2 protein chains.
Amino acid sequence: MVSLKDISVRCGVSVATVSKALNGHKDVSEATREKLVRTAREMGYFPNAQARALKTNRTFNLGVMFLDEAGRGLTHEFFAKVLNSFKTEAERAGYDITFISNKDIGGRRMSTYEHCKYRSVDGIVIACTDFTTPDVFEVINGDIPVVTIDHIFDCRTAVVSNNESGMEKLLNYVADCGHTKIAYIQGKRSAVAEKRLAGFWKACTARGIEIRPDWLLTGDYCNPDNTYQLTKKLLKNKEIPTCIFMPDDYAAIGGLNAIKDAGLSVPEDISAVGYDGIAYSQLLSPKLTTYSQDTPTIGATAAKQLISLIENPRSTFTEVITVDGQFLEGGSVKKL
Amino acid sequence: MVSLKDISVRCGVSVATVSKALNGHKDVSEATREKLVRTAREMGYFPNAQARALKTNRTFNLGVMFLDEAGRGLTHEFFAKVLNSFKTEAERAGYDITFISNKDIGGRRMSTYEHCKYRSVDGIVIACTDFTTPDVFEVINGDIPVVTIDHIFDCRTAVVSNNESGMEKLLNYVADCGHTKIAYIQGKRSAVAEKRLAGFWKACTARGIEIRPDWLLTGDYCNPDNTYQLTKKLLKNKEIPTCIFMPDDYAAIGGLNAIKDAGLSVPEDISAVGYDGIAYSQLLSPKLTTYSQDTPTIGATAAKQLISLIENPRSTFTEVITVDGQFLEGGSVKKL
DNA sequence: TCTATTAACGGAAACGTTTGAAATACTTGG
DNA sequence: CCAAGTATTTCAAACGTTTCCGTTAATAGA
């Protein structure tokens with residue numbers, strides 16, 4: 001690998017000058033800067049990331065904290081897409097991304113935060129299904145810039161999907177279709193679940209739609225089996241709803257199967273809506289009526305915010321950015 | 001951050017001794033090593049990854065090269081799962097992973113290989129849909145340890161799924177069910193497509209099953225729309241097959257929709273098989289008969305091989321490791 | 001012409017490690 | 001009790017940068 005020194009001897013200047021020239025400092029003449037930049041290019045010079053980081057404490061590396069209880073990790077389409085756009089935006093700004101978790105190093109267990117310190121990441125994005133773990137708290141309370149996705153902490157900037165208004169839009173559509181007997185299956189207790197339920201509740205009361213306790217079930221996100229069971233349970237009651245809100249699109253597949261197995265069909269006998277707008281939901285027939293989260297914007301915004309936090313710490317305030325999604329009218333809701 | 005020096009002054013020894021003690025060198029007495037290790041723990045010491053890397057040229061970072069033409073990236077379930085298990089295994093061994101691609105740094109375009117050099121990754125895993133790009137060649141021809149997934153280069157160890165025998169197994173099952181009029185839709189030209197077609201061809205000839213050119217179509221992997229069109233085309237012929245091999249499970253969804261739209265049903269009127277064994281395929285009803293690739297083993301094996309290549313360069317030979325998958329009998333193939 | 005100012009560049013320390021060689025301290029056998 | 005050997009520890013250089021500060025050269029003002 002060619003170093004600053006190599007360039008300096010070739011051009012007969014000091015390494016200090018080379019460094020300054022390449023980094024665009026002002027105290028180097030235009031003539032020499034041009035010459036240095038040129039030979040650096042000729043010799044195929046690239047800065048040594050380690051040496052630079054050692055000196056400057058900046059690695060241009062962003063840590064991604066990325067956990068879900070089921071260990072599905074990247075398989076989770078929402079996270080995968082968000083990460084994808086996050087990565088793209090970060091790379092555009094010259095940052096690389098590294099996965100961060102708790103791990104063993106040299107026989108000693110290292111918390112996620114310690115891991116971040118060890119790798120000297122410049123910033124951290126947290127996208128978890130569970131924000132209540134000690135590992136998350138330690139990172140939140142640390143002194144590395146953090147952006148959270150779909151969860152809000154005090155004093156930390158967050159990028160959140162508009163879960164509340166998204167759910168409102170869904171309910172309004174369903175209500176517009178004439179439904180009043182509506183069941184709601186939600187995912188595990190979390191900030192996201194709370195928000196969605198709030199939107200559902202708000203829209204229902206505005207519409208004068210009764211929320212029956214026995215039609216308000218709590219299950220798991222992204223768990224088709226679980227949703228299958230819960231849907232089955234709903235369908236066994238003497239009175240059944242005309243429309244079911246599934247926890248999310250993926251889980252909805254289980255729900256739809258339960259409906260099918262009960263000898264009913266969507267949307268003729270019963271209607272269903274999902275949440276997320278994952279690719280598969282639009283490949284079903286009928287297409288699932290759902291609310292598509294704007295994952296490209298969420299990821300890119302998180303990256304931009306995080307980088308801004310890193311590069312001008314004082315000019316950026318912690319804020320909460322809500323990203324709107326888009327209602328997708330499929331064919332899974334019958335117009336009564 | 002507490003450094004070796006901090007520990008050394010606290011214990012009244014030199015930094016060299018501390019370094020050696022913590023790294024398990026032999027030339028330090030048991031008493032002092034114990035003392036040093038203990039105070040290191042007490043003081044919350046972690047090595048500075050940059051400084052260490054600068055000195056040793058080992059970063060304990062693995063680069064992941066991960067491209068597909070459609071830009072689906074992590075959304076591709078096969079890759080997502082492989083990456084997940086790769087990551088898990090790598091972390092177990094103390095390595096972190098960083099995404100590597102071509103990017104701009106300091107205004108100059110950096111090739112993927114240069115990016116690897118810049119970050120000093122210890123090894124690279126390549127999992128692409130297209131292995132024919134200059135970027136891939138540059139990495140392959142470089143001097144950083146490499147493991148490829150699902151593609152074989154000379155002199156580079158590769159972990160490949162058993163595409164050939166997997167496809168054979170599928171065909172044999174279908175043939176056992178009594179099918180002889182079989183269509184085959186394959187994905188884009190690639191090592192994987194070649195292997196699968198080879199398996200299909202081999203098994204067909206062994207069984208005496210004719211491969212009709214007009215029933216052998218080439219489309220895209222993971223492209224439901226494309227498969228929808230191709231399936232529709234197949235169904236428009238005067239004579240239609242009794243079973244269709246879809247490029248993969250995801251694409252199969254398009255094919256299944258085409259069948260449904262043609263007023264036919266699976267498996268009563270026509271049978272279908274997929275490939276991959278993605279989660280969704282087993283949520284359809286009927287479940288898709290397919291061949292599940294062992295993504296956990298593929299990823300973990302790739303990580304183990306790569307790390308072995310890094311840690312004992314001479315004792316490890318480049319090899320090709322084939323990972324078996326598993327036949328999944330769904331309900332999408334009718335027994336004639 | 002002389003001094004003050006500015007522009008351009010170099011010296012050198014520092015970041016936190018690792019490591020071979022040198023130095024010191026301990027054993028042990030004769 | 002000494003020499004030779006071994007066990008333990010320290011020195012110091014090195015990895016490739018960045019950056020503060022000092023130095024020289026050039027320019028301008030008087």
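Predicted model only: the values in this text are computed from it and were never measured. All values below come from the heavy atoms of this structure, side chains included, with hydrogens, waters and symmetry mates left out.
Of all heavy-atom pairs spanning A/Ala191 and A/Asp150, the tightest one is CB-O, 4.1 Å. Between B/Phe153 and B/Ile140, the closest heavy-atom pair is CD1-CD1, 3.5 Å.
Taking the six-membered ring where tryptophan is involved, the planes of A/His115 and A/Tyr118 are tilted, since the angle between them lies from 30° to 60°.
Atom CZ in B/Arg33 sits roughly 14 Å away from atom C1' in D/dT9 (whole-Å rounding). As rounded to whole Å, 14 Å separates atom P of D/dT17 from atom CZ of B/Arg119. In this structure, A/Lys20 atom NZ and D/dT19 atom P are separated by 10 Å, rounded to whole Å. Across the protein-nucleic acid pair, A/Met1 atom CE and D/dT17 atom P stand 10 Å apart, rounded to whole Å.
Under the side-chain hydrogen bond (donor to acceptor under 3.5 Å, both in side chains) rule, A/Asn162 has a single partner from A/Asp294, A/Thr322, A/Asp324, which is A/Asp324.
Annotation: cation-pi pair B/Lys87/A/Phe99 present, NZ/CZ under 6.0 Å from the ring centroid and within 45° of its normal. Figure legend: cation-pi geometry between A/Arg58 and A/Phe60, with NZ or CZ positioned under 6.0 Å from the six-membered ring centre and within 45° of its axis.
Within the 3.5 Å criterion, the main-chain N or O of A/Thr59 finds a donor-acceptor partner in the side chain of A/Asp122. Not one N or O on the side chain of B/Asn23 forms a donor-acceptor pair closer than 3.5 Å with the backbone of B/His25.
In the helix from C/dT1-D/dA30 to C/dG30-D/dC1, the rotation axis of the first five pairs and that of the last five pairs differ in direction by 50°, rounded to 10 degrees.
Non-hydrogen atoms lying under 4.0 Å from DNA chain C are contributed by A/Asp27, A/Val28, A/Ser29, all within residues 23-31 of chain A.
Looking only at atom types and distance, the side chain of A/Ser120 has a donor-acceptor partner in the side chain of B/Gln50 under 3.5 Å away. Side chains of A/Ser111 and A/Glu138: a donor on one and an acceptor on the other come within 3.5 Å.
For the pair B/Ser19 and A/Ser14, nearest-nucleotide mapping onto DNA chain C gives the more 5' position to A/Ser14. Between B/Thr32 and B/Val15, the residue anchored nearer the 5' end of DNA chain D, judged by the nucleotide with its closest heavy atom, is B/Thr32.
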Residue pair A/Asp135, A/Thr133: steps toward the side chain to side chain donor-acceptor pair (under 3.5 Å) verdict
CA-CA 5 Å; A/Asp135 256 29; A/Thr133 66; 5.9 Å; no
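Looking at heavy-atom distances under 4.0 Å, B/Thr17 makes contact with a base.
Once you apply a 4.0 Å limit to the heavy atoms of chain B, the touched nucleotides of DNA chain C run 5' to 3' over C/dG16 to C/dA21.
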